[in-house]
Amino acid sequence: MTKVTRSAYKVTDFDSDRNMLKQLLLVALGGALGSALRYLTAILLARHYTGSIPLATLVVNVLGCFLIGLLIGLCSDTAYLRLLFITGFCGGFTTFSTFTAESYTMLREGAYGLAILYIVGSVLIGLLALWARVCLSRSITP
């Protein structure tokens with residue numbers, strides 16, 4: 001059986017309370033910047049595109065995938081840069097980038113069945129969870 005890396009990027013251990021606070025602040029700063037850029041992207045695209053495909057989400061997801069690929073290569077040796085840019089910025093910009101990076105890691109490591117299960121399972125279970133929540137909302141809302 002192929003050993004699969006738990007994540008597409010390394011996670012830094014919290015070795016002290018002070019270090020943990022610094023790490024959390026880096027993730028929060030990166031996340032705030034990523035979320036703000038996602039919002040600005042959606043606004044700019046909404047001004048120029050009126051089609052029925054959610055283009056802003058598509059653009060953000062594709063850009064996020066490109067960025068996380070680039071950043072995994074550039075920040076692989078620096079824990080604080082990984083926290084700021086990969087976990088924080090890319091996580092705030094789009095979690096889809098992390099999903100694709102983790103899927104890519106499984107495929108690269110030869111865990112094809114696991115990767116397919118993860119990809120299909122994530123999408124199907126996500127859709128089912130959304131559908132269940134909509135049904136629940138309808139049943140408790142007058």
Side-chain angles (χ1 to χ4, degrees), residues 1-138 140-141:
M1 185 165 156
T2 305
K3 182 179 183 270
V4 177
T5 305
R6 282 187 26 191
S7 181
Y9 51 90
K10 299 172 188 168
V11 177
T12 303
D13 292 328
F14 298 124
D15 54 4
S16 71
D17 289 341
R18 184 175 179 180
N19 197 28
M20 180 174 64
L21 180 60
K22 184 177 183 180
Q23 292 169 349
L24 288 172
L25 289 173
L26 285 167
V27 171
L29 174 63
L33 294 172
S35 296
L37 185 58
R38 179 188 179 97
Y39 180 68
L40 288 173
T41 303
I43 289 173
L44 290 172
L45 287 172
R47 289 182 182 169
H48 304 288
Y49 174 76
T50 57
S52 56
I53 294 176
L55 185 63
T57 301
L58 177 64
V59 167
V60 164
N61 285 341
V62 171
L63 281 174
C65 291
F66 178 80
L67 281 173
I68 202 168
L70 178 69
L71 292 169
I72 286 171
L74 293 176
C75 302
S76 63
D77 295 331
T78 309
Y80 291 121
L81 290 179
R82 284 194 316 269
L83 289 170
L84 177 65
F85 292 115
I86 296 171
T87 306
F89 183 82
C90 287
F93 191 58
T94 173
T95 57
F96 187 76
S97 60
T98 303
F99 168 73
T100 56
E102 290 170 344
S103 300
Y104 173 78
T105 298
M106 285 185 252
L107 291 169
R108 186 186 69 224
E109 293 178 356
Y112 304 112
L114 188 61
I116 297 299
L117 181 66
Y118 178 62
I119 294 164
V120 172
S122 294
V123 173
L124 291 179
I125 293 169
L127 286 169
L128 285 171
L130 180 96
W131 173 78
R133 181 60 185 124
V134 168
C135 290
L136 181 63
S137 295
R138 287 181 183 155
I140 60 174
T141 319

Asker: Arg47: what forms a side chain to side chain donor-acceptor pair (under 3.5 Å) with it, not counting sequence neighbours?
Answerer: none
Asker: To the nearest 0.5 angstrom, please state how far the CD1 atom of Ile72 sits from the OG1 atom of Thr98.
Answerer: 8.0 Å
Asker: Return the CG to CZ distance between Asn61 and Phe66, rounded to the nearest 0.5 Å.
Answerer: 15.5 Å
Asker: Rounded to the nearest 0.5 Å, what's the gap from CD1 on Ile116 to CD1 on Ile119? Could you check?
Answerer: 5.0 Å
Asker: CG of Asn19 to NZ of Lys22: how many Å apart, nearest 0.5 Å?
Answerer: 7.0 Å
Asker: Within the side chain of Arg82, is there an N or O that forms a donor-acceptor pair under 3.5 Å with the backbone of Ser76?
Answerer: yes
Asker: Taking atom CG of Leu71 and atom SG of Cys90, what is their separation to the nearest 0.5 Å?
Answerer: 5.0 Å
Asker: Would you check if Met106 and Tyr112 make a side-chain contact, meaning some heavy-atom pair closer than 4.5 Å?
Answerer: no
Asker: Kindly compute the distance separating SG (Cys65) from CZ (Phe99), expressed to the nearest 0.5 Å.
Answerer: 9.5 Å
Asker: If you draw a 6.0 Å radius around OH in Tyr118, do more than 12 non-hydrogen atoms from other residues or ligands fall strictly inside?
Answerer: yes
Asker: Does atom CG of Leu40 have more than 12 heavy-atom neighbours, drawn from other residues, nucleotides or ligands, at distances under 6.0 Å?
Answerer: yes
Asker: Can you tell me if Leu124 has over 12 outside heavy atoms packed within less than 6.0 Å of its CG?
Answerer: yes
Asker: Does the plane of the ring in Phe93 sit parallel, tilted or perpendicular to the ring in Phe89? Use 30° and 60° as the thresholds.
Answerer: parallel
Asker: Find out whether Cys75 and Ile86 are in side-chain contact, i.e. whether some heavy atom of one side chain is under 4.5 Å from a heavy atom of the other.
Answerer: yes
Asker: Between Arg38 and Thr57, is there a side-chain heavy-atom distance shorter than 4.5 Å?
Answerer: yes
Asker: Can you name the closest pair of heavy atoms from Leu45 and Ala56 and give their distance?
Answerer: CD1-CA, 3.5 Å
Asker: For Thr78, what residues pass the side-chain contact (heavy atoms from CB on, under 4.5 Å) criterion, not counting sequence neighbours?
Answerer: Leu81
Asker: Under 4.5 Å between any side-chain heavy atoms of Leu37 and Leu33, yes or no?
Answerer: no
